[in-house]
Participant: 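Here you go, one structure.
Since this is a predicted model, take the numbers as computed values, not measurements.
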Amino acid sequence: KNIYERLYPASTTKILTAYIALKYCTDLSQTVTISENAANQASDSSVCGLHAGDVIRMDDLLYGMMLRSGNDAAISIAESISGSVEEFAALMNKEAAALGATQSHFVNPNGLPDENHYSSALDLAKIMRAGLQNARFRKVIESVGYTIPATNLSESRPMHTHMPLMAKESDLYYEGCIGGKTGFANEAEHTLVVAAERNGRTYIAVTMRAADLGINCTDSTALFDYAFNNFDTI
């Protein structure tokens, strides 16, 4: 429904950031020194609590960005790969266009609202599909929990997924869910890009502008059930 409509993607933007990080960073064990800019993300936004001068591995930043939805981790990844948020945003638009995401334009790596930062349900599905073709991307989003080890400035940081469809203790748990990314901002409302896999078949569901995450999850479950029950691979 309205698959081409331009909407705020919120933190589902981080799927593209992760895709680019895994494409352009050949050594995920390399360390990144956290900048003042990355550390000074608004305290009322979702962050990993990174400090300026923290030395942290790239793969730990990926987990922090995708599981904790850390805006500070997203900025750090962008600066590490491109030198600045502006240069990374240009790379995001280049890569999105190459994936056929023609209704999208990005200005930051974390999805904080901006009138020039938008995507569509179809474009987010295309970006997610590209991410799922990378084994390391899958490993990150399939993780229910992860602990970033202690750094030179910080103690270890345990994290748990924001994805109710993956949490077995949740009433919204969905068998076969392999992860994805949630998002929220007042301007975007609740967004969700999620994938499920059964019997060798993988489906991607994208829901945007929901009043709460529970609606995203129940709508995604309905979409997955329809797909798994009505289609097969010949």
Side-chain angles (χ1 to χ4, degrees), residues 1-23 62 65-67 69 92 95-104 106 111 118-145 161-184 188-234:
K1 180 181 179 182
N2 299 330
I3 60 175
Y4 305 105
E5 185 179 358
R6 292 179 175 180
L7 297 168
Y8 290 128
S11 282
T12 58
T13 297
K14 291 165 182 162
I15 296 171
L16 179 58
T17 301
Y19 168 80
I20 293 173
L22 290 164
K23 180 175 181 178
L62 275 171
M65 179 177 71
M66 297 303 284
L67 269 69
S69 200
M92 293 175 77
E95 291 293 331
L99 295 175
T102 57
Q103 299 300 312
S104 297
F106 302 96
Y118 50 82
S119 190
S120 69
L122 180 59
D123 282 3
L124 290 171
K126 289 177 178 179
I127 295 166
M128 180 67 166
R129 180 175 60 188
L132 290 173
Q133 293 170 3
N134 183 297
R136 193 59 187 259
F137 180 93
R138 280 180 172 252
K139 181 179 179 181
V140 171
I141 67 167
E142 287 173 357
S143 300
V144 175
T161 181
H162 286 182
M163 184 68 64
L165 294 171
M166 292 181 65
K168 290 188 176 181
E169 68 274 12
S170 170
D171 293 339
L172 296 168
Y173 173 73
Y174 189 79
E175 183 180 355
C177 178
I178 58 174
K181 189 73 193 71
T182 61
F184 173 77
E189 299 189 67
H190 289 269
T191 60
L192 177 64
V193 179
V194 62
E197 188 172 73
R198 292 181 187 172
N199 301 319
R201 284 186 291 139
T202 306
Y203 291 108
I204 298 167
V206 181
T207 51
M208 306 178 76
R209 290 198 63 79
D212 64 67
L213 181 57
I215 294 173
N216 293 104
C217 290
T218 53
D219 283 353
S220 297
T221 293
L223 289 164
F224 285 142
D225 284 345
Y226 177 81
F228 285 120
N229 292 335
N230 290 281
F231 296 93
D232 206 344
T233 303
I234 304 299

Participant: When rounded to the nearest 0.5 angstrom, what distance separates CG in Leu99 from CZ in Arg129?
Facilitator: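 Spacing of CG (Leu99) from CZ (Arg129) equals 8.5 Å.
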
Participant: Which residues satisfy the ring pair (Phe, Tyr, Trp, His ring centres under 6.0 Å) test with Tyr174, sequence neighbours excluded?
Facilitator: Phe224

Participant: Excluding sequence neighbours, so at least two apart, what forms ring pair (Phe, Tyr, Trp, His ring centres under 6.0 Å) with Tyr173?
Facilitator: none

Participant: What residues, two or more places apart in sequence or in another chain, satisfy salt bridge (charged side-chain N to carboxylate O under 4.0 Å, His left out) together with Lys23?
Facilitator: Glu95

Participant: How long is the straight-line distance from CE of Met65 back to OG1 of Thr13, given to the nearest 0.5 Å?
Facilitator: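 So the gap between those two atoms works out to 10.5 Å.
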
Participant: With sequence neighbours left out, write down each residue that passes ring pair (Phe, Tyr, Trp, His ring centres under 6.0 Å) with Tyr19, or none if nothing qualifies.
Facilitator: none

Participant: In chain order, what residues pass the side chain to side chain donor-acceptor pair (under 3.5 Å) check against Ser104, with sequence neighbours excluded?
Facilitator: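 With sequence neighbours excluded, Ser104 shows a side chain to side chain donor-acceptor pair (under 3.5 Å) to Ser119, Asp123, given in chain and number order.
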
Participant: With rounding to the nearest 0.5 Å, note down the distance linking CE in Met66 to NZ in Lys139.
Facilitator: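 So the gap between those two atoms works out to 15.0 Å.
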
Participant: My understanding is that only one of Leu165, Leu172, Thr182 makes a side chain to side chain contact (heavy atoms under 4.5 Å, CB included) with Leu213; could you say which?
Facilitator: Thr182

Participant: About how many Å separate NE2 of His190 and OG1 of Thr12, when rounded to the nearest 0.5 Å?
Facilitator: 13.0 Å

Participant: Near Asn199 CG, under 6.0 Å, is it more than 12 heavy atoms from other residues, nucleotides or ligands?
Facilitator: no

Participant: To check you understand the geometry: which heavy-atom pair defines the closest contact between Thr161 and Ser143, and what is its length?
Facilitator: CB-O, 4.0 Å

Participant: Hey, could you give me the CZ/CD1 distance between Phe137 and Ile15, rounded to the nearest 0.5 Å?
Facilitator: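 Answer for the CZ-CD1 pair, Phe137 versus Ile15, is 5.5 Å.
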
Participant: What's the shortest heavy-atom distance between Thr191 and Ala10, and which atoms?
Facilitator: OG1-CB, 4.0 Å

Participant: Quick one: pull up CD in Gln103 and CG in Leu7 and give me the separation to the nearest 0.5 Å.
Facilitator: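 Those atoms lie 11.0 Å apart.
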
Participant: Can you name the salt bridge (charged side-chain N to carboxylate O under 4.0 Å, His left out) partners of Arg6, sequence neighbours left out?
Facilitator: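 Checked Arg6 against salt bridge (charged side-chain N to carboxylate O under 4.0 Å, His left out); zero matches.
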
Participant: Can you tell me which residue pairs pass the salt bridge (charged side-chain N to carboxylate O under 4.0 Å, His left out) test with a partner in residues 162-183, sequence neighbours excluded?
Facilitator: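 Every candidate salt bridge (charged side-chain N to carboxylate O under 4.0 Å, His left out) pair involving residues 162-183 fails, so no pair, neighbours aside, qualifies.
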
Participant: Determine the minimum heavy-atom distance between Val194 and Cys177, stating which atoms define it.
Facilitator: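 For Val194 versus Cys177, the nearest heavy atoms are CG2-SG, 3.6 Å.
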
Participant: Using the test side-chain contact (heavy atoms from CB on, under 4.5 Å), find all partners of Ala195 that sit at least two apart in sequence or belong to another chain.
Facilitator: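 By the side-chain contact (heavy atoms from CB on, under 4.5 Å) rule, Ala195 matches Met128, Leu132, Ile178, Thr202, Ile204.
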
Participant: What is the minimum heavy-atom distance between Lys14 and Ser69, and which atoms define it?
Facilitator: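 In terms of heavy atoms, the two residues are closest at NZ-O, 2.7 Å.
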
Participant: Kindly state each residue pair satisfying side-chain hydrogen bond (donor to acceptor under 3.5 Å, both in side chains) with at least one member in residues 206-222, sequence neighbours excluded.
Facilitator: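 Only Glu189-Arg209, Thr207-Asn216 qualify under side-chain hydrogen bond (donor to acceptor under 3.5 Å, both in side chains).
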
Participant: With sequence neighbours excluded, tell me which residues meet salt bridge (charged side-chain N to carboxylate O under 4.0 Å, His left out) with Arg201.
Facilitator: Asp232

Participant: Which residues pass the ring pair (Phe, Tyr, Trp, His ring centres under 6.0 Å) test with Tyr8, sequence neighbours left out?
Facilitator: none

Participant: Got a sec, which residues hit salt bridge (charged side-chain N to carboxylate O under 4.0 Å, His left out) with Glu197, two or more places apart in sequence or on another chain?
Facilitator: Arg138

